[in-house]
Amino acid sequence: MKFFIWNIFFILCFNVYGISANPNLNRNPTNQPAIILYERGAPYHPHLSPETNRLLSTPITQEEKFEFENRIKDNTSYPYIETNISLNDNSFSFKAFLSDGRDYSYSKRGEQLRYSECRGEICVILTQKNILAIGNSSIGWANIGLHNELHYKVKLGVRAGFVVSERNIYFYNLYSNIWEKIGLEQEVVHAVANKNDLATIITSRRIIAINLSNGAMTEQTLTVRNVNRFEIKENFINFFTGAEIYIYEANSEMFTQKDILN
């Protein structure tokens, strides 16, 4: 009799608790194993909807950064910069609104916006085909075509714009309203800067000083040491290498070199 009662008790316990003791039976009522397949290299979950699988298999990509950052110290004292030019991106065109009330449109047929920025008196737009720029003294858009370069970094001053790629530096001057392309010859761009009517480009091989008022570019080759810091003043620019200083004077548009160790 006792044996019969214990058998009844055992059967009842199995029926009540047996299913919950196996968590796989509760989670998968069809009694099929919860497998993950791989379709075209991406994980595919058979028990999920196609839309959910698509969202899960979409790779997470980082947003491309277009801002250029100087690699050396800039000791320039910059005044407060007021931006008095603006852009509007609509379905058919880019539209710039200048400080004097004028506005200029650029048809973006076949072009897609990658990056845009306005600062001081200029605006720059980067598409997959062109670099565009416009300034408060412009009478239209300035553009230059892009060819087979992957990465572009942008930096704006008040009156000059710089776009740095793997092979070129694209330089925009507010006064001339044109882009100039400077080829890079096995060199690394360390810094670009603009204050008032002076601008500079510093690489691992040379210094380029630019007088924006007349567009004159003056170049100084670096033979031994790289520039580690610089400072733009009112009418000249100082470039320090640690052992010497290169001074660019805007009035003469020439470089002079001084030994700062003696």
Please collect all disulfide (SG to SG under 2.5 Å) contacts where either partner lies in residues 82-140, sequence neighbours excluded, each pair once. C118-C123
For A199 and F171, work out which heavy atoms get closest and say how close. CB-CE1, 4.2 Å
Indicate yes or no: at least one non-hydrogen side-chain atom of F239 is less than 4.5 angstrom from one of L222. no
Taking only residues at least two apart or on different chains, which pairs with a member in residues 85-99 satisfy salt bridge (Lys or Arg N to Asp or Glu O under 4.0 Å)? D89-K108, K95-D103
Does any N or O in the side chain of T241 come within less than 3.5 Å of the main-chain N or O of N226, such that one atom is a donor and the other an acceptor? no
Test: salt bridge (Lys or Arg N to Asp or Glu O under 4.0 Å). Region: residues 128-153. Which pairs qualify, not counting sequence neighbours? none
Once disulfide (SG to SG under 2.5 Å) is applied, what residue pairs with a partner in residues 186-252 remain, sequence neighbours excluded? none
Quick one: pull up CD in E117 and CG in L126 and give me the separation to the nearest 0.5 Å. 11.5 Å
Transitive ILVMFWY side-chain link I201 to V164, under 4.5 Å: yes
Can any side-chain N or O of N143 pair as donor or acceptor with the backbone N or O of N130 at less than 3.5 Å? no
What residues, two or more places apart in sequence or in another chain, satisfy side-chain contact (heavy atoms from CB on, under 4.5 Å) together with N136? N84, I85, L98, S99, E121
Report the C-alpha distance between D197 and S213 in whole Å, list the side-chain angles of each, state the deciding distance to 0.1 Å, and finish with yes or no for side chain to side chain donor-acceptor pair (under 3.5 Å). CA-CA 6 Å; D197 284 353; S213 61; 5.0 Å; no
For a 4.5 angstrom cut-off between non-hydrogen side-chain atoms, does W179 reach V163? yes
Check whether T83 reaches the backbone of G120 with its side chain - one donor and one acceptor, N or O, closer than 3.5 Å. yes
Which donor-acceptor pairs under 3.5 Å do side chains of residues 183-190 form with protein atoms, sequence neighbours excluded?
from, atom 1, to, atom 2, distance (Å)
E187, OE1, T203, OG1, 2.6
E187, OE1, R206, NE, 3.1
E187, OE2, E185, N, 2.9
E187, OE2, R206, NE, 3.2
E187, OE2, R206, NH2, 2.8

Has the side chain of N196 got a donor or acceptor atom that lies under 3.5 Å from a matching backbone atom of L198? no
Over all heavy atoms of both residues, which pair between A193 and Y78 is shortest? Give the atoms and the distance, please. CB-OH, 3.6 Å
Show your working on side-chain contact (heavy atoms from CB on, under 4.5 Å) between E244 and V224 and close with a plain yes or no. CA-CA 10 Å; E244 60 268 328; V224 179; 5.6 Å; no
Between I131 and L156, is there a shared hydrophobic cluster once you connect ILVMFWY residues whose side-chain heavy atoms come closer than 4.5 Å? yes
Does any part of the side chain of I81, heavy atoms only, come nearer than 4.5 Å to the side chain of R119, both counted from C-beta? yes
Please walk me through it: do Y248 and F236 pass ring pair (Phe, Tyr, Trp, His ring centres under 6.0 Å)? CA-CA 5 Å; Y248 168 78; F236 61 93; 9.6 Å; no
Any side-chain heavy atom of I125 within less than 4.5 Å of one from W141? yes
F230 vs N70 side-chain heavy atoms within contact, under 4.5 Å: yes
Mind checking whether I207 and F255 have side chains closer than 4.5 Å, heavy atoms only? yes
Any side-chain heavy atom of Y170 within less than 4.5 Å of one from Y152? yes
Counting heavy atoms not belonging to D100, are there more than 12 under 6.0 Å from its CG? yes
Around E166, counting heavy atoms of other residues, nucleotides and ligands shown, do more than 12 lie under 6.0 Å from its CD? yes
Can a donor-acceptor pair be found, under 3.5 Å and without considering hydrogens, that links the side chain of R102 to the backbone of S138? yes
Within this structure, what is the CG-NE2 distance for the pair N168 and H147, rounded to the nearest 0.5 Å? 9.5 Å
Mind listing the closest non-hydrogen atom pair of T76 and K195 along with its distance? CG2-CD, 3.6 Å
Under 4.5 Å between side-chain heavy atoms, hopping through other hydrophobics if needed: is there a path connecting M217 to Y175? yes
Verify the cluster assignment for L174 and V124: are they in a single hydrophobic cluster under the rule of side-chain heavy atoms below 4.5 Å apart? yes
Does a side-chain N-to-carboxylate-O contact under 4.0 Å join E231 and R229? no
Go through the side-chain N and O atoms of N177 and Y172 and say whether any donor and acceptor fall under 3.5 Å apart. yes
So which atom in M254 and which in T218 form the shortest heavy-atom distance, rounded to 0.1 Å? CA-CG2, 4.4 Å
Has the side chain of N173 got a donor or acceptor atom that lies under 3.5 Å from a matching backbone atom of L212? yes
Same apolar cluster: I237 and Y246, side chain cutoff 4.5 Å: yes
Would you give the length of the straight line joining atom CD1 of I247 to atom OG of S252, rounded to the nearest 0.5 angstrom? 10.5 Å
Non-hydrogen side-chain atoms of Q128 and E111 separated by less than 4.5 Å: yes
Euclidean distance, L132 CG relative to F94 CZ, rounded to 0.5 Å: 6.5 Å
As an exercise, state the distance from CG of N238 to CD1 of I232, rounded to the nearest 0.5 Å. 10.5 Å
